[in-house]
Amino acid sequence: MIIRDILAPDPGPFTLTGTRTYLLGDSAVLDPGPAIESHIDAIRDAMPRLTTILITHRHGDHAPAARPLKQATGARIVAPAGVEGEVDQIVAGGEIVEGLEVIATPGHTREHVCYLTSAGDLFTGDTILGEGSTAIFPPDGHMGDYIRSLQALRARNPKRIYPAHGPTRDDAVAWIDEYIEHRLQREQQVIDALAAGAHTIGEMRRRIYSDLDERLHGAAEVQISAHLIKLQEEGRVDARDNEYHLSPRA
């Protein structure tokens, strides 16, 4: 399968240089991206025989261009439940579509899926980026599900990662290992902060992210919150009166 991509003109702190829409062969696109007219025109020009539009999840930098592309070309939309628009096939994991295996990867969002080719090419959406780390925003995002999804992808032993944001990774397994290690290290930092007497999210953020730009404080606290939810579900942390404590049962 020939894999090309078109970069959407939507750079930003979460999209990095922009959203990468993948062109698969001569008939399928994956994550059509935002509904920006110039981006939609570029996809149509590059894919005159478009028949299938694949989507990883519902976010506005991934899915909205699907509807105008379908209206213009008649292509069918394949997406997980929760994606708005006229979806022709809903996938949840385990299906084979256009030669791609659909893998359920909840965590970034509850409905997120990835797509894997028989050659080991893994299209990860926002589950794994080409650089940096992805954001987990509860309650739609779930840290426990996210780490389990990373482990499930690691078990598939992919060769290359084609992320929605950032460069292609030819070190797929090593990069997934780094992603898992990063999350587990952050979890341990939360536990260590609790043990050191930081019992509010703000106190933990100041201890864990001591040199962070203040414009990112809110996002950092949400990530800490996601870890705390996971630790509470595992019975390792208790919450009371807006404070968190290591559980004596842990």
Any side-chain heavy-atom pair of [X] and [Y] under 4.5 Å:
X: I128; Y: T134; value: no
X: D238; Y: P248; value: yes
X: Y162; Y: L30; value: no
X: I180; Y: Q151; value: yes
X: S27; Y: L50; value: no
X: D5; Y: L23; value: no
X: V29; Y: L54; value: no
X: S133; Y: H182; value: yes

Starting from the C-alpha separation in whole Å, work towards a yes-or-no answer on side chain to side chain donor-acceptor pair (under 3.5 Å) for H57 and D126. CA-CA 8 Å; H57 66 297; D126 279 352; 3.3 Å; yes

Taking R67 first and then E84, would you say they form a salt bridge - that is, a charged N and a carboxylate O separated by under 4.0 Å? no

Any donor-acceptor pair under 3.5 Å linking the side chain of [X] with the backbone of [Y]?
X: W175; Y: R160; answer: no
X: T73; Y: L69; answer: yes
X: T19; Y: H62; answer: no
X: S210; Y: R207; answer: no
X: Y179; Y: L129; answer: yes
X: R20; Y: G166; answer: yes
X: D31; Y: T56; answer: yes
X: T117; Y: L100; answer: no
X: D88; Y: I77; answer: yes
X: T17; Y: P11; answer: no

What I want to check is whether the side chains of Q89 and R76 have a donor and an acceptor closer together than 3.5 Å. yes

Are side-chain N/O atoms of Q189 and Q185 paired as donor and acceptor at under 3.5 Å? no

Carefully, step by step, assess R58 and D140 under the rule salt bridge (Lys or Arg N to Asp or Glu O under 4.0 Å). CA-CA 12 Å; R58 69 181 187 276; D140 186 35; 2.7 Å; yes

Closest non-hydrogen atom pair between [X] and [Y], with its separation:
X: T52; Y: A75; value: N-CB, 3.9 Å
X: A104; Y: V113; value: CA-CG1, 4.3 Å
X: V78; Y: Y115; value: O-OH, 3.9 Å
X: D171; Y: R169; value: OD2-NH2, 2.9 Å
X: R4; Y: G25; value: NH2-O, 3.7 Å
X: Y244; Y: L194; value: O-CD2, 3.3 Å

Rounded to the nearest 0.5 Å, what separates atom [atom1] in [X] from atom [atom2] in [Y]?
X: I176; Y: N157; atom1: CD1; atom2: CG; result: 8.5 Å
X: E233; Y: D145; atom1: CD; atom2: CG; result: 8.0 Å
X: T105; Y: R148; atom1: OG1; atom2: CZ; result: 13.0 Å
X: I224; Y: E203; atom1: CD1; atom2: CD; result: 11.0 Å

Check the pair F137, H108 against side-chain contact (heavy atoms from CB on, under 4.5 Å), reporting the backbone distance first and the verdict last. CA-CA 7 Å; F137 290 103; H108 177 67; 5.7 Å; no

Common cluster, [X]/[Y], ILVMFWY with side-chain heavy-atom separation under 4.5 Å:
X: M143; Y: L150; result: yes
X: L246; Y: I208; result: yes
X: Y146; Y: V102; result: no
X: I96; Y: L122; result: no
X: L184; Y: M204; result: no

Test log, rule side-chain contact (heavy atoms from CB on, under 4.5 Å), inputs D61 and F14: CA-CA 10 Å; D61 54 329; F14 293 108; over 6 Å; no

Pairs of donor and acceptor atoms involving the side chains of residues 39-47, under 3.5 Å and at least two apart or interchain, shall be tabulated with distances.
from	atom 1	to	atom 2	distance (Å)
H39	NE2	T21	OG1	2.9
H39	NE2	P32	O	3.0

Of R186, E221, H217, the one forming a side-chain hydrogen bond (donor to acceptor under 3.5 Å, both in side chains) with Y209 is R186

How far apart are the C-alpha atoms of T15 and H165, what are their side-chain angles, what is the distance that settles it, and do they pass the side chain to side chain donor-acceptor pair (under 3.5 Å) test? CA-CA 6 Å; T15 57; H165 309 288; 5.1 Å; no

Going through the distances and angles, do H227 and Q232 end up as a side chain to side chain donor-acceptor pair (under 3.5 Å)? CA-CA 9 Å; H227 281 289; Q232 287 175 263; over 6 Å; no

Salt bridge (Lys or Arg N to Asp or Glu O under 4.0 Å) for R236 and E187? Distances and angles first, verdict last. CA-CA 11 Å; R236 301 164 67 189; E187 179 178 286; 3.1 Å; yes

Heavy-atom count check: over 12 atoms from other residues, nucleotides or ligands less than 6.0 Å from D213 CG? yes

Start with the C-alpha distance between T109 and H59, add both sets of side-chain angles, then the distance that settles side chain to side chain donor-acceptor pair (under 3.5 Å), and finish with yes or no. CA-CA 9 Å; T109 64; H59 280 169; 5.6 Å; no

Set out, in order, the CA-CA distance, both residues' side-chain angles and the distance that settles side-chain contact (heavy atoms from CB on, under 4.5 Å) for E101 and C114, then state yes or no. CA-CA 8 Å; E101 179 187 357; C114 294; over 6 Å; no

Any chance you could lay out the side-chain contact (heavy atoms from CB on, under 4.5 Å) test for R154 and V173, step after step, and finish with the verdict? CA-CA 6 Å; R154 172 64 171 81; V173 169; 3.1 Å; yes

